[in-house]
Protein chains: 2
Amino acid sequence: MAYTIGLDYGTNSVRALIVRCSDGKELGSAVFDYPSGNAGVIEDPRDPLLARQHPGDYLEGAEATVRAAMVSAKQVFPEFSAEAVIGLGVDTTGSSPIPVDKQNRALGQQPTWREHPAAQCWLWKDHTSHAEAEKITQLARAKWPQYVAKCGNTYSSEWFWSKIWHCLNVAPDVFEAAYSWVELADWVPSQLAGIAAPEKIQRGVCMAGHKALYAEDWGGLPEKAFLAELNPKLADLRERLYEKALDASHPAGRLCEAWAERLGLKSGIPIAIGEMDVHYGAIGCGVREGTLVKVIGTSACDCGVVSMANTVADIEGICGIVPGAILPGYYGVEAGQSAVGDLFKWWVEKVCGGDVSRHAALTAEVAAQRPGESGLLALDWNNGNRTVLVDQRLTGCVLGQTLHTTAAEIYRALIEATAFGARMILERLLEYGVPVERIVCAGGIAEKNPMLMQIYADVTGREMCLSGSSQTCALGAAIGAAVIAGREAGGYDDFAEAQAAMTTLKPETYQPNPVAHEAYNKLFALYQKIHDAFGGVEKTADLGRIMKDLLQIKEDARLETAK
Amino acid sequence: MAYTIGLDYGTNSVRALIVRCSDGKELGSAVFDYPSGNAGVIEDPRDPLLARQHPGDYLEGAEATVRAAMVSAKQVFPEFSAEAVIGLGVDTTGSSPIPVDKQNRALGQQPTWREHPAAQCWLWKDHTSHAEAEKITQLARAKWPQYVAKCGNTYSSEWFWSKIWHCLNVAPDVFEAAYSWVELADWVPSQLAGIAAPEKIQRGVCMAGHKALYAEDWGGLPEKAFLAELNPKLADLRERLYEKALDASHPAGRLCEAWAERLGLKSGIPIAIGEMDVHYGAIGCGVREGTLVKVIGTSACDCGVVSMANTVADIEGICGIVPGAILPGYYGVEAGQSAVGDLFKWWVEKVCGGDVSRHAALTAEVAAQRPGESGLLALDWNNGNRTVLVDQRLTGCVLGQTLHTTAAEIYRALIEATAFGARMILERLLEYGVPVERIVCAGGIAEKNPMLMQIYADVTGREMCLSGSSQTCALGAAIGAAVIAGREAGGYDDFAEAQAAMTTLKPETYQPNPVAHEAYNKLFALYQKIHDAFGGVEKTADLGRIMKDLLQIKEDARLETAK
């Protein structure tokens, strides 16, 4: 028997998962909460936008979780043996760049810089770089439009160049001390592989393409002239980054002696290339051409792949289309919704003043309502719109309230709003020729909220499948490791084979109810109207019938119920 | 010294107020809760639209309150004497029609009909007649457009003809037993005056003009041909109603012996013509040409008067312009907002799940916020829009929510929405030449919510004065009595004199803050955009900038605060 290990670096903790290659069986896992900062996040009380992490936590976490996961696997499956682990894979949050020295040591690990926030990992949700992001966006739009054409013409404050440039602006000492910068997804594998020079790090195309403006079309990272217009020091830095980023058919390296000893594994086993958590998550859900994976949690991420044998047009409003980003040989297509679980949490906690238990109470009140019965319609933009409008400066909207409207009805309307948002993405993908024959969902909300899942099925008119694993990201990383280890070692020769053997779906699925789908089609038409009106797509909107149409749909639904 | 008494018939109780004519001093008052039904309202658990009242409660209440109010007046002001009461006035809810027999006895008072809901008073908020209202509206629009031209082209289910026709449709036995129908505001005075034949009742033009399609322009009540198209029996009924309705320069009658004895008053003193509560309320607030009275409670009512020496154009979207409806010699102009206090109550109780004490807590959280600081914008249409769109089938809207938006911020946004609605009415009146030099507010919300009053001042850019009395309706009825009694008896010869002597303003007023007004001008422009878009006024709305404009206003406000 052969096994691989997936290491999944989340925002507050890291998880190791031991997986059996033959069938994807998850034998054991362990979680390590990052010890630094507030639940692992270094914050600044004076600046709510700042979010950093201590890089040492990542390494400590790797050791603690891999060892603990193997102990638990051994207890339940005595035949498991660390000797039989044939590879490791790593997925992480992103863009989470780390400044490193010439020996590929994180600055934050060194005594001089240990307490300096700018010398730590700049966590994905750090938004201190918004001014830099705006300038990058302006410059790209004006002179290098191709750089932002595939990400909605907007470069984000969450991304690589914004953060590094902000460091140069506010902490030039750190910038000067950093020889290079590495994404967390690339840095952890490079440490495990004992790579002691930044130039030798194998960088994943997933982070490079989605976050660092990397594309082979224009020769890799953005050209020096572009970076020099931002700041000549960024152009210099380009020399100390990388020429070529790699897809998951390439290894990130092999486990070095020192780390083999720390983890209790064989040295020399391959380490898969690092990818973003949701991308390995998509692999763990069985993504292939024709399958759309939806990871539904605090926000939602949609991933699909299209063979590179075909050409994919720029899909208007889709944030990222990157060759090789998810599966080798395929364009990775990524879309998403900025708030899903967060939207419901906001309603329950910030508005209704309830705690977590309130979700169930509100759900019970409206679970039996028919579509449209509340007369409400909402937009799911409390955290902006990531796809298809790609506009963070959009906000929420609730329409159709009367003096009888309840908190639970608005709660359901917010769920429906996210379902309409999901349908907008689905229709945009289909419109541009991305095939979607199957939808597989994963994530906390997908697993725990049957009312939401049924609404998604009813709104889209599509069956909603659920991933068999609850740890799809770690599982995907383990699959990446099995492929990079290869068939001879007990793994697989390609992802299709590995996914067929190692991923499953839950037997139960959510089937669309045709009557509900019909009713939701009417509501979706109204959603599209306000979506286009407030999103600025439609400059001459006629909304004068919307409230009456909602009342009509409401009356029809109540008549149905009364029957 | 001379005194008059105002009797104010509300939805759940009646109040008597003893007023000194020389200066309007309120000497004593008493309240009587109607004993029948649920808090005075006869309901039907199978039909939430039904709301009736037992007419006997009104008479019992008159006796109880007048006697009790005189006792309390005597205790505090020993010089008060029932002998010195020179007149009575009555105001009531409306349209609240009562079926009566040939002797002007309410059917509901008679043993045969005592328990029949259709034989009682049909309370203003009874909405069982919505189908009839719709048919009346259709017929009038098609063939007698003048009938609905002054009430937004819509006849309401709350009004006289809808209710009587519905009675004919659902309770023909009651309809047949009724010799005539009388508005509560006319029936109570007619009882006190001992009028024993419906033809002899003096009907007020206020109820007739606002609720019964009465206008001298077309010869009084709607013509028989119109009523016959509804139902020939309604055309027959017209014969048993009235030819001419009167303004407040005419008495409703004189106190009869029997009632003089029941009340402990002199017989023969005059009774003022009955008017709707808010109209006598406007008089009690000192309404005159140039003064707009706003009664702000669960809903809001705006009243103004324009001299009949001028002509008043039909004001688009203003529900009622009736000659003599408020003050003799003036057009009464009435506008309103369907939900004000009710909107805040909905938010606190139905959505936030709080009780009455929550209002203060939410207010405290946001009282210090600057205009626009929340980034929110709302429409105040949870109960439809009465003025200027005159459309009950409009609903609420809240825009601009983020994941940080709080319940208190939405609470404030709803208050601001009602202020914007109030400004829409004010601007519409000014646009059509109704002079507004002074705004006087009354009602529970106006008295108890300083944050709201300051917002109203800031949004409109106008000083908000408060009525000196907390019982403006009863006071206005007492003023009506003082005028009808006349100077010789110790009263006044006209309303201007009486109001000058008997009404006051509170010394403190709400002054607009110019900086806040400036900020609200920006928000009001956005309110107008969504008002016109969702109200169907603007068929080609461009709303694509609204959310961004709100964010910009929010950021500007926060920068100001940070200074």
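Being a predicted model, the structure only gives us computed values, none of them experimental. All chains are named by letter (A, B, ...) in the order of the sequence lines, taking the proteins before the strands, and each is independently numbered beginning at 1.
- Only the side chain of B:A339 comes within contact range of chain A, judged by heavy atoms closer than 4.5 Å.
- Interface remark: B:L379 contributes side-chain atoms only to the contact with chain A (heavy atom separation under 4.5 Å).
- Heavy-atom contacts from other residues, nucleotides or ligands closer than 6.0 Å to CD of A:E560 number more than 12.
- Other residues, nucleotides and ligands contribute only 12 or fewer heavy atoms inside 6.0 Å of the NZ atom of A:K448.
- More than 12 heavy atoms of other residues, nucleotides or ligands lie within 6.0 Å of CD in A:E538, so this atom counts as buried by the packing criterion.
- The environment of CD in A:E158 is crowded: more than 12 heavy-atom neighbours from other residues, nucleotides or ligands sit within 6.0 Å.
- Interface remark: of the candidates A:A541, A:A408, A:A407, A:A533, A:A541 forms the most heavy-atom pairs closer than 4.5 Å to chain B.
- For A:E316, the CD atom is loosely surrounded, since the number of other residues' heavy atoms within 6.0 Å does not exceed 12.
- When B:G536, B:G396, B:G544, B:G400 are compared by the number of non-hydrogen pairs under 4.5 Å with chain A, B:G396 comes out ahead.
- At a 4.5 Å heavy-atom cutoff, the contact between B:D391 and chain A is made by side-chain atoms alone.
- A salt bridge links B:E555 with A:R393: the distance from a Lys NZ or Arg NE/NH1/NH2 to an Asp or Glu carboxylate oxygen falls below 4.0 Å.
- With a 4.5 angstrom heavy-atom cutoff, B:Q552 touches chain A via backbone and side-chain atoms both.
- Taking the side chain as every heavy atom from C-beta outward, A:N382 and B:H404 never approach each other to under 4.5 Å.
- In this structure, the side chains of A:V351 and B:W347 come closer than 4.5 Å at one or more pairs of heavy atoms.
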| task | Determine, step by step, whether B:K548 and A:L394 satisfy the side-chain contact (heavy atoms from CB on, under 4.5 Å) criterion, reporting the C-alpha distance in whole Å, the side-chain angles of both residues, the deciding distance to 0.1 Å, and the verdict. | result | CA-CA 7 Å; B:K548 277 139 185 142; A:L394 291 172; 3.9 Å; yes

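- B:T395 is listed as a side-chain neighbour of A:L551, based on a closest heavy-atom distance under 4.5 Å.
- At a threshold of 4.5 Å between non-hydrogen side-chain atoms, the residues A:L543 and B:L543 count as touching.
- Side-chain atoms of A:Q401 come within 3.5 Å of backbone atoms of B:C397 as a donor-acceptor pair (strictly under, hydrogens ignored).
- Note: A:L399 leads A:L399, A:L550, A:I546 in heavy-atom pairs under 4.5 Å with chain B.
- The two residues A:T405 and B:W346 come nearest to each other via the heavy atoms O-NE1, 2.8 Å.
- Put simply, the side chain of B:K345 does not reach to within 4.5 Å of the side chain of A:L403, judged on heavy atoms.
- Remark: A:N383 CG to B:T402 OG1 distance equals 8.0 Å, nearest 0.5 Å.
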